[in-house]
Amino acid sequence: MDICVQKFGGSSLATSEQRVHVCDRINEAYEKGCHPVVVVSAMGRAGDPYATDTLLSLVKSADSQQDARNLDLLLACGEIISAVVLSEALNARGLKAQAVTGWQGGILTDANHGSARILSINPKKIYSLIEAGVIPVVAGFQGATNDGEITTLGRGGSDTTAVALAAVLKTGYVEIYTDVDGIKTVDPRIIPDAPTLSTLTYREIMEMAHLGAKVIHPRAVEIGMEAGITIRVLSTVEPGKGTIISSGKEVEHPISDRVVTGIAYISNRAHVRIASEQDFNQSKLALQIFQELANHGVSVDLIYLSPNLIAFIIDQEMSDLVKKVLAPYRLNISVEKGYTKVSVVGAGMHGVPGVMARVVQSLEQAKVGIYHTTDSHANISCLIKEDKLTDAVQALFQEFELSNKEGQE
Ligand code: ADP
Ligand code: ASP
Ligand code: MG
């Protein structure tokens with residue numbers, strides 16, 4: 001019997017009514033002659049009793065850093081609860097299922113708590129359940145180190161569990177079920193009628209995921225690309241064709257030659273500016289600053305370094321920590337919250353003149369101030385004020401004709 005890996009996101013598992021749809025999808029796979037291996041996220045979203053953000057809020061405080069090992073222990077519970085609840089629902093439907101934690105499922109990770117990487121998977125337990133005719137319901141987003149320490153894979157990491165399992169079980173294919181009908185040109189929370197892309201290459205979605213499109217975990221795409229796994233993202237409730245992510249070779253209408261494929265954004269950023277009268281290049285100060293931040297686990301982005309100014313953005317939750325860590329240097333430092341990094345993404349923009357001009361012009365017309373920009377071969381990112389996000393996205397969406405159906409479903 002073939003094996004198929006199906007992953008269900010937290011938004012699909014929040015209520016017993018929603019779990020009926022999940023059971024339907026699993027049952028359909030079973031009836032098609034495929035033995036499902038199910039991966040689940042924690043049930044629901046912030047505010048729901050067992051959602052990851054709710055668990056996080058139990059211990060979060062602004063003035064102290066939580067112990068990363070403790071946090072992983074806490075967060076891993078969300079997915080375990082979800083796996084148990086879903087396997088009980090499957091059992092009640094007459095489908096034999098058993099909940100499996102990450103470590104019971106043989107998922108070995110490094111010790112980087114909060115953002116661990118899967119090192120290997122020993123599928124013994126999963127194969128033994130399959131042989132016994134039982135559906136394994138694996139808790140996503142978690143694993144354990146060689147020393148038995150429990151780890152998590154980074155926010156959104158259940159996608160990665162699913163793709164990594166598909167790689168080890170050699171299924172060649174994985175289904176990611178969620179609350180949207182596929183990957184769209186932009187987050188439908190901002191543009192509700194953004195079209196769904198029928199196909200995307202690994203590279204295109206990886207770029208979008210790294211730049212904030214939370215619909216899929218970037219590491220999941222990386223593993224999919226390395227192992228040649230076709231990933232289908234589709235709706236749990238009304239599964240249509242969804243979006244197929246692959247190398248693109250077999251795609252009839254590749255869209256990778258589009259200048260801009262989509263828009264992504266990362267909110268809750270703080271803009272840090274450090275001015276100095278003494279030349280940063282002549283002192284070791286710049287190095288000391290970045291080393292200090294790294295030692296405290298602060299990741300920096302949109303970095304600008306010049307003789308008298310260092311600027312970068314951080315997760316705004318890190319603002320107080322950054323101020324505290326840099327205080328002893330007695331610098332002229334400002335940390336301003338309330339920014340968003342918005343990016344246009346497209347593998348086809350490389351070498352095309354005028355893309356930046358179109359970005360600047362459309363944002364200017366929409367009265368959106370730009371505080372910093374950066375670009376790569378496949379994206380242009382702008383730092384804007386958070387309260388201008390919708391205006392910015394709408395302007396870019398129109399400028400790059402992302403409602404256009406060409407190459408899309
Ligand atoms: P799940 O709980 O299924 O893992 P996520 O919240 O992680 O769900 O991902 C689905 C959400 O991703 C959608 O509800 C949507 O708001 C958001 N999203 C962001 N960018 C996109 C995009 N380009 N296309 C589709 N959804 C997107
Ligand atoms: N529950 C985890 C999160 O909210 C993992 C996931 O949803 O994939 O980030
Ligand atoms: Mg997700």
Side-chain angles (χ1 to χ4, degrees), residues 6-14 18 21-22 25 39-48 50-57 71-72 74-83 102 114-116 138-143 151-164 175-198 200 204-221 231 233-237 239 242-243 245 260-267 342-346 389 393 396-397 402 408-409:
Q6 299 179 303
K7 179 255 167 178
F8 296 90
S11 47
S12 305
L13 291 158
Q18 283 165 330
H21 294 291
V22 171
R25 303 293 82 83
V39 175
V40 290
S41 296
M43 301 187 293
R45 291 215 165 117
D48 291 326
Y50 310 105
T52 304
D53 284 302
T54 310
L55 298 175
L56 207 48
S57 71
L71 269 190
D72 273 357
L74 175 66
L75 296 190
C77 298
E79 269 66 13
I80 299 175
I81 292 169
S82 185
S115 192
V138 183
F141 172 61
Q142 58 181 251
T151 53
T152 63
L153 309 180
R155 297 303 306 270
S158 300
D159 299 330
T160 298
T161 306
V163 180
E175 289 172 339
I176 308 277
Y177 286 94
T178 185
D179 63 345
V180 281
D181 65 4
I183 297 175
K184 296 169 180 282
T185 53
V186 61
D187 188 345
R189 275 180 241 187
I190 300 207
I191 309 263
D193 56 355
T196 304
L197 296 156
S198 55
L200 270 172
E204 284 167 324
I205 186 60
M206 202 133 68
E207 194 84 7
M208 278 181 73
H210 277 298
L211 291 166
K214 290 211 180 108
V215 61
I216 189 160
H217 197 233
R219 183 72 191 126
V221 185
I231 304 171
V233 178
L234 69 174
S235 153
T236 307
V237 177
T243 301
I245 306 170
V260 170
T261 311
I263 301 169
Y265 63 91
I266 306 181
S267 297
V342 64
S343 308
V344 292
V345 185
L389 176 63
V393 170
L396 295 167
F397 186 78
L402 292 178
Q408 302 158 10
E409 265 306 78

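All ligand and atom numbering here is 1-based and tracks the order in the structure. Predicted model, so just to flag it, every value in this text is computed and none were measured. Just so it is clear, the values below take in all heavy atoms, side chains as well, and ignore hydrogens, waters and symmetry mates. Counting begins at 1 with the first residue of the sequence.
Residue contact check: Pro188 has heavy atoms under 4.0 Å from atoms 25 (C), 26 (N), 27 (C) of ligand 1. Taking a cut-off of under 4.0 Å to the non-hydrogen atoms of Arg155, the atoms of ligand 2 that pass are 3 (C), 4 (O), 9 (O). Heavy-atom contacts of Ser11 reach the following atoms of ligand 1: 1 (P), 2 (O), 3 (O), 8 (O) (cutoff under 4.0 Å). Those atoms of ligand 1 with a heavy atom of Gly182 less than 4.0 angstrom away are 25 (C). Residue Ile183 has at least one heavy-atom neighbour below 4.0 Å for each of these atoms of ligand 1: 24 (N). Every atom of ligand 1 is numbered from 1 in the order shown, and the set under 4.0 Å from a heavy atom of Lys7 is 4 (O). Less than 4.0 angstrom separates some heavy atom of Thr178 from each of these atoms of ligand 1: 1 (P), 3 (O), 8 (O), 9 (O), 10 (C).
At least one donor-acceptor pair closer than 3.5 Å links the side chain of Ser235 to the backbone N or O of Val237. In terms of modelled atom types and a separation under 3.5 Å, the side chain of Gln142 and the main chain of Ala76 share a donor-acceptor contact.
Residue Gly10 places a heavy atom less than 4.0 Å from ligand 1. Using a 4.0 angstrom heavy-atom cutoff, Ser12 does not count as in contact with ligand 1. In this structure, Arg45 has a heavy atom closer than 4.0 Å to ligand 1. The shell of residues lying under 4.0 angstrom from ligand 2, judged by heavy atoms, includes Gly157. Using a 4.0 Å cutoff on heavy atoms, Glu79 counts as a contact of ligand 2. Using a 4.0 Å heavy-atom cutoff, Ser158 is absent from the residues neighbouring ligand 1.
Residues Val163 and Ile231 meet the side-chain proximity criterion, which asks for heavy atoms closer than 4.5 Å. Looking at heavy atoms from C-beta onward, Leu234 lies out of side-chain contact with Arg25 at the 4.5 angstrom threshold. Between Val221 and Glu207 the shortest side-chain heavy-atom distance does not fall below 4.5 Å. Contact check for Ser82 versus Tyr50: no side-chain heavy atoms found under the 4.5 Å cut-off. At a threshold of 4.5 Å between non-hydrogen side-chain atoms, the residues Ser41 and Glu79 count as touching. Looking only at side-chain heavy atoms (C-beta outward), Val22 and Val40 stay at 4.5 Å or farther from each other. The closest side-chain heavy-atom distance from Met43 to Asp48 is not below 4.5 Å. Counting heavy atoms from C-beta outward, Asp179 and Arg45 have side chains that approach closer than 4.5 Å.
Of the residues Lys7, His217, Arg219, the one that meets the side chain to side chain donor-acceptor pair (under 3.5 Å) test with Asp159 is Lys7.
For Phe397, the CZ atom counts as densely surrounded, since its 6.0 Å shell holds more than 12 non-hydrogen atoms of other residues, nucleotides or ligands.
For atom 13 (C) of ligand 1, the nearest non-hydrogen atom of the protein is Asp179 OD1, 3.4 Å. Among all protein heavy atoms, the one lying closest to atom 24 (N) of ligand 1 is Lys184 N, 2.9 Å. Atom 27 (C) of ligand 1 has its closest protein heavy atom at Val215 CB, 3.6 Å. For atom 7 (O) of ligand 1, the nearest non-hydrogen atom of the protein is Lys214 O, 3.5 Å. Closest to atom 21 (C) of ligand 1 among all protein heavy atoms lies Asp187 CA, 3.7 Å. Among all non-hydrogen protein atoms, the one lying nearest atom 11 (C) of ligand 1 is Arg189 NH2, 3.7 Å.
Between Ser41, Ser82, Ala51, it is Ser41 that holds the heavy atom closest to atom 7 (O) of ligand 2.
Contacts with ligand 1 closer than 4.0 Å are made by no heavy atom of Asp159, backbone or side chain.
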Test side-chain contact (heavy atoms from CB on, under 4.5 Å) applied to Gln18 and Thr236, step by step: CA-CA 9 Å; Gln18 283 165 330; Thr236 307; over 6 Å; no
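The N/O atoms of Ser158, backbone and side chain alike, include one that comes under 3.5 Å of an N/O atom in ligand 2. Considering backbone and side-chain atoms alike, Gly156 places an N or O below 3.5 Å from some N or O of ligand 2.
No donor-acceptor contact under 3.5 angstrom links the side chains of Thr151 and Asp72, judged on distance only.
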